[in-house]
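Chain A is the first sequence line, chain B the second, and so forth, proteins listed ahead of strands; every chain is numbered from 1. Computed from a prediction, not measured in an experiment: that's the story for all the values here.
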Number of protein chains: 4
Amino acid sequence: MDNMIITLDFKSDTPIYVQLRNEIVIGIGSGELADGEKLPTVRQMAEDLGINAMTVNKAYAILKNEGFISIDRRHGATVAPIGNGQPEFKEKLENELRLVISEASVKGIGREEFMQMCAGIFSSVSFKSTSITE
Amino acid sequence: MDNMIITLDFKSDTPIYVQLRNEIVIGIGSGELADGEKLPTVRQMAEDLGINAMTVNKAYAILKNEGFISIDRRHGATVAPIGNGQPEFKEKLENELRLVISEASVKGIGREEFMQMCAGIFSSVSFKSTSITE
Amino acid sequence: MDNMIITLDFKSDTPIYVQLRNEIVIGIGSGELADGEKLPTVRQMAEDLGINAMTVNKAYAILKNEGFISIDRRHGATVAPIGNGQPEFKEKLENELRLVISEASVKGIGREEFMQMCAGIFSSVSFKSTSITE
Amino acid sequence: MDNMIITLDFKSDTPIYVQLRNEIVIGIGSGELADGEKLPTVRQMAEDLGINAMTVNKAYAILKNEGFISIDRRHGATVAPIGNGQPEFKEKLENELRLVISEASVKGIGREEFMQMCAGIFSSVSFKSTSITE
DNA sequence: GTGGTCTAGACCACT
DNA sequence: GTGGTCTAGACCACA
């Protein structure tokens with residue numbers, strides 16, 4: 001965790017707490033943050049990023065709600081184990097993909113190139129569900 | 001275009017103009033809206049959907065800015081031809097994909113399943129960059 | 001809605017936003033707040049109750065997340081239609097009931113008396129699921 | 001008591017001492033813990049559950065305050081005899097029930113289904129006030 | 001020392 | 001004019 005880098009764009013339209021949430025999800029997905037690993041405390045993270053503690057709080061609360069992390073009254077926030085593809089999540093994912101694929105197609109990125117990009121991302125890092133830890 | 005269906009969810013968190021922008025992008029990507037085809041006027045679209053003209057205006061402006069449509073004072077809004085994968089777009093796309101793939105992985109959807117979902121979407125519709133006109 | 005009374009206990013241990021959430025749930029369940037009815041704006045509610053707008057905001061956000069209300073960007077918060085007994089909710093409900101029934105039993109309130117109390121509450125107001133509106 | 005099982009969820013939102021208090025109340029209500037039976041010492045309980053003694057202490061103090069157990073400096077904590085439905089308790093119970101019933105109604109669980117759930121819970125265990133000793 | 005709650009007040013995005 | 005975001009700073013509950 002120590003070497004995890006979180007980048008925020010304060011000029012972006014996407015709220016800071018969403019950006020933070022996304023960065024942490026990527027961190028978990030890419031294996032930088034392992035199961036059970038401890039996240040920085042709310043205040044620590046806030047100080048490191050130069051933002052308000054409530055903003056971090058909100059990001060953590062969402063991640064908890066989505067099942068990505070669990071917040072333990074004693075040990076703070078820790079990364080939760082991987083879930084199993086719930087149907088409702090798959091539906092949401094498919095909608096996201098349909099949009100992304102549309103954008104790519106219109107911009108001239110065809111099926112093969114798209115697939116290669118995905119493959120590249122999968123290869124670049126050790127994604128959790130590929131290397132079964134539990 | 002006449003038979004194109006645009007669905008808006010007024011209860012959704014995503015702003016109406018973003019939803020509209022997304023639906024049009026999907027429409028273009030899936031071939032429902034062909035190159036050079038004319039989009040309804042701002043007022044017409046607003047009336048059809050029961051939303052404010054300003055909202056449609058905003059969606060069109062974004063689409064134009066992103067290069068998906070071109071707006072001509074004489075002919076109104078028309079669908080722009082397919083672009084060629086600009087590097088800046090690819091970078092944006094890769095960031096989007098990295099997040100989506102992370103979410104999927106952590107939720108237990110591995111590489112193979114993910115690839116199959118993509119393939120399924122590509123097969124379901126005839127995307128522009130694969131079959132130019134339809 | 002105009003005559004709906006919300007009582008908060010500032011000395012209570014239960015957070016204000018939870019109290020507010022509970023009062024609104026009761027309001028909906030008892031039929032005081034009908035389907036589609038509009039709730040006061042965040043600021044209005046905050047002013048009426050003498051609390052901060054963010055506190056009301058949090059209560060509304062939870063109610064939205066639980067499916068009790070829906071927040072429309074145009075018309076503010078409105079009461080959502082009744083759901084259908086999802087299994088996960090039933091499980092939560094059963095746990096709650098098991099505790100409440102235990103407390104009652106130990107305090108000398110037996111099965112019959114307990115059932116009568118429930119019946120009394122059901123009779124006192126027109127609960128939504130008994131009088132099918134939709 | 002020896003075979004009584006207490007389950008705590010450290011990831012839950014409800015404080016540990018409340019969870020512990022609830023589990024003991026259910027234990028008493030269901031007859032697993034009989035009148036006059038001795039509860040483990042604070043330290044013993046704390047060690048068994050792997051929690052802090054202060055936390056157990058707090059739970060016991062609340063149970064005593066609510067009249068569920070009595071604490072004797074010589075004999076430790078023992079289960080108190082069944083109370084008789086005090087009016088103040090009934091009022092508290094009725095408030096709890098009103099909320100639970102509201103939630104159920106709005107979620108589509110009507111009067112009959114609710115009553116059946118209650119009956120099911122009453123049948124599943126021998127509650128104290130119905131069969132005094134077990 | 002941890003997260004959770006609450007406040008007052010400011011600014012922004014959306015319609 | 002609506003809800004949403006963000007801040008700084010205070011206080012509390014939990015373990």
### Message
Just to be sure I understand the rule, does D:Ile51 reach a base, reach only the sugar-phosphate, or reach nothing, if contact means heavy atoms closer than 4.0 Å?
### Response
nothing
### Message
In whole Å, I'd like the distance from the CG atom of A:Asn57 to the C1' atom of E:dT5.
### Response
9 Å
### Side-chain H-bond candidate by donor/acceptor type, B:Gln44 with B:Asp48, under 3.5 Å
yes
### Query
Please give, in whole Å, the distance from F:dT2 P to C:Gln44 CD?
8 Å
### Task
Give the dot-bracket string for DNA chain E, reading 5' to 3', where a pair is Watson-Crick or G-U wobble with both distances under 3.5 Å, ( ) marks pairs inside the strand, [ ] marks pairs crossing earlier ones, | marks a partner on another strand, and . marks unpaired.
||||||||||||||.
### Query
Do any pairs count as a side-chain hydrogen bond (donor to acceptor under 3.5 Å, both in side chains) and have a residue in residues 55-67 of chain B, sequence neighbours left out, and if so which ones?
B:Arg21-B:Glu66
#### Entry: Nearest-angstrom distance from the residue atom CZ of B:Phe10 to P of F:dG3
18 Å
### Task
Mind checking side-chain contact (heavy atoms from CB on, under 4.5 Å) for A:Glu47 and listing every partner two or more places apart, or none if nothing turns up?
none
### Summary
Once base and sugar-phosphate atoms are separated, protein heavy atoms under 4.0 Å mark nucleotides 10-15 of chain E, 5' to 3', with B, S and - as -B--SS
## Note on the structure
Atom NZ of C:Lys11 and atom C1' of E:dC6 are separated, to the nearest Å, by 18 Å
### Nearest-angstrom distance from the residue atom CG of D:Leu20 to P of F:dC14
14 Å
### Any residue meeting side-chain contact (heavy atoms from CB on, under 4.5 Å) with A:Asp13, in chain and number order, not counting sequence neighbours
none
### Message
Between the side chains of B:Arg98 and B:Glu94, is the shortest nitrogen-to-carboxylate-oxygen separation below 4.0 Å, so that they form an ion pair?
### Response
yes
### Task
State whether D:Glu88 and D:Lys92 are salt-bridged, where the test is any N-O pair (Lys NZ or Arg NE/NH1/NH2 against Asp/Glu carboxylate O) under 4.0 Å.
no
### Task
Kindly write out the residues that satisfy salt bridge (Lys or Arg N to Asp or Glu O under 4.0 Å) with D:Asp72, not counting sequence neighbours, or none if the list is empty.
D:Arg74
### Query
Do side-chain atoms of D:Gln19 reach the backbone of D:Thr14 as a donor and acceptor pair under 3.5 angstrom?
yes
